[in-house]
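Structure, as structure tokens:
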Amino acid sequence: MSKVLANAAEMIAHGAPHVIHNDAELEAYTDALFQLTALEGPSRSELDAIELLTLLVECYEQEHYPIPAADPASVVRFLIEQQNLTQRDLVPQFGSESAVSMFLGGHRNLTVEQVRKLSARFKLPADVFIPKRAKGARA
């Protein structure tokens, strides 16, 4: 066992960070994290604390406040809105304006080629454009 962890129970008893168990602890850890990340030129131990608190906060939030995956049409609609695009702007990725409309209306799924082109255009991973139920599914 490393010398640093030889007295881990004692460290925790004296207030060392531990697994977050409730929203009150989440709030306290988040506040501490914001204070640490606001420091200019944090020390090595402060950087370590930032890393540890980030991991603890992320772990708690993923378990208690998961973010649901968006369906591909919602992702494309969001990108269109955020980048002030029109359906016509996506014709190079879809082949026609009607293909864009049919996809956004839920009448057509994306082809592998459309996924590849959307991924390249928006510089996002291809799996963002693949329905979660279809991942790993076999025909």
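Defined by atom type and a distance below 3.5 Å, a donor-acceptor pair is missing between the side-chain atoms of Asp48 and Ser45. No donor-acceptor contact under 3.5 angstrom links the side chains of Tyr60 and Asn22, judged on distance only.
Residues Phe129 and Pro125 approach most closely at CD1-O, 4.0 Å, considering heavy atoms. When every heavy atom of Thr54 is checked against every heavy atom of Ile50, the shortest pair comes out as OG1-O, 2.7 Å. Between Ala126 and Ser119, the shortest heavy-atom distance links the atoms N-OG, 3.6 Å.
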Quiz item: Val100 and Val76: side chain to side chain contact (heavy atoms under 4.5 Å, CB included), yes or no, with the steps?
Solution: CA-CA 10 Å; Val100 178; Val76 173; 5.9 Å; no

Exercise. Would you check, one step at a time, whether the test side chain to side chain contact (heavy atoms under 4.5 Å, CB included) holds for Arg121 with Lys117?
Key: CA-CA 6 Å; Arg121 176 183 182 132; Lys117 288 179 179 180; over 6 Å; no

Quiz item: Could you go step by step and tell me if Thr30 and Gln35 meet the side chain to side chain contact (heavy atoms under 4.5 Å, CB included) rule?
Solution: CA-CA 9 Å; Thr30 302; Gln35 290 174 16; over 6 Å; no

Quiz item: Stepwise, does the side chain to side chain contact (heavy atoms under 4.5 Å, CB included) test hold for Leu53 with Phe34?
Solution: CA-CA 10 Å; Leu53 292 175; Phe34 284 143; over 6 Å; no

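Enclosure of atom CD in Glu97 by more than 12 non-hydrogen atoms of other residues, nucleotides or ligands within 6.0 angstrom is indicated.
Under the 3.5 Å distance criterion, the side-chain polar atoms of Arg77 are matched with a main-chain donor or acceptor of Leu104. Remark: side-chain polar atoms of Asp89 are paired, donor with acceptor, to backbone N or O of Thr86 under 3.5 angstrom. Formation of a donor-acceptor pair under 3.5 Å by the Glu46 side chain with backbone atoms of Ser43 is found in this model. Side chain of His21 to main chain of Val19: a donor-acceptor pair is present (N/O by atom type, distance under 3.5 Å, no hydrogens or angles). A donor-acceptor pair is defined here as one N or O able to donate and one able to accept, closer than 3.5 Å; such a pair exists between the side chain of Asp71 and the backbone of Ser74.
Side-chain contact between Val115 and Ile130 is present, with at least one heavy-atom pair separated by less than 4.5 Å. Side-chain contact between Glu25 and His18 is present, with at least one heavy-atom pair separated by less than 4.5 Å. Put simply, the side chain of Leu56 reaches to within 4.5 Å of the side chain of Pro17, judged on heavy atoms.
Judged as a ring-ring contact (aromatic ring centres under 6.0 Å, His included), the pairs with a partner in residues 82-126 (not counting sequence neighbours) are, in order, Phe94-Phe103.
Note that CG of Leu79 and CG of Leu90 are 8.5 Å apart. Values are rounded to the nearest 0.5 Å. One finds the CG atom of Leu55 at 10.5 Å from the CD1 atom of Ile20 (value rounded to the nearest 0.5 Å). With values rounded to the nearest 0.5 angstrom, Gln114 atom CD is found 7.5 Å from Arg108 atom CZ. Once rounded to the nearest 0.5 Å, the distance linking OG1 of Thr37 with CG of Leu39 reads 8.0 Å. From Phe78, atom CZ reaches atom CD of Gln83 across 9.0 Å, with rounding to the nearest 0.5 Å. Remark: Tyr29 OH to Leu52 CG distance equals 8.0 Å, nearest 0.5 Å.
Checking each of Ser98, Ser101, Ser96 against Gln87 for a side-chain hydrogen bond (donor to acceptor under 3.5 Å, both in side chains) leaves exactly one that passes, namely Ser101.
Note on Val91: it does not cluster hydrophobically with Met102, by side-chain heavy-atom contacts below 4.5 Å among ILVMFWY residues. Cluster membership check: Val112 does not share its hydrophobic cluster with Leu118, using side-chain heavy-atom separations under 4.5 Å among Ile, Leu, Val, Met, Phe, Trp and Tyr.
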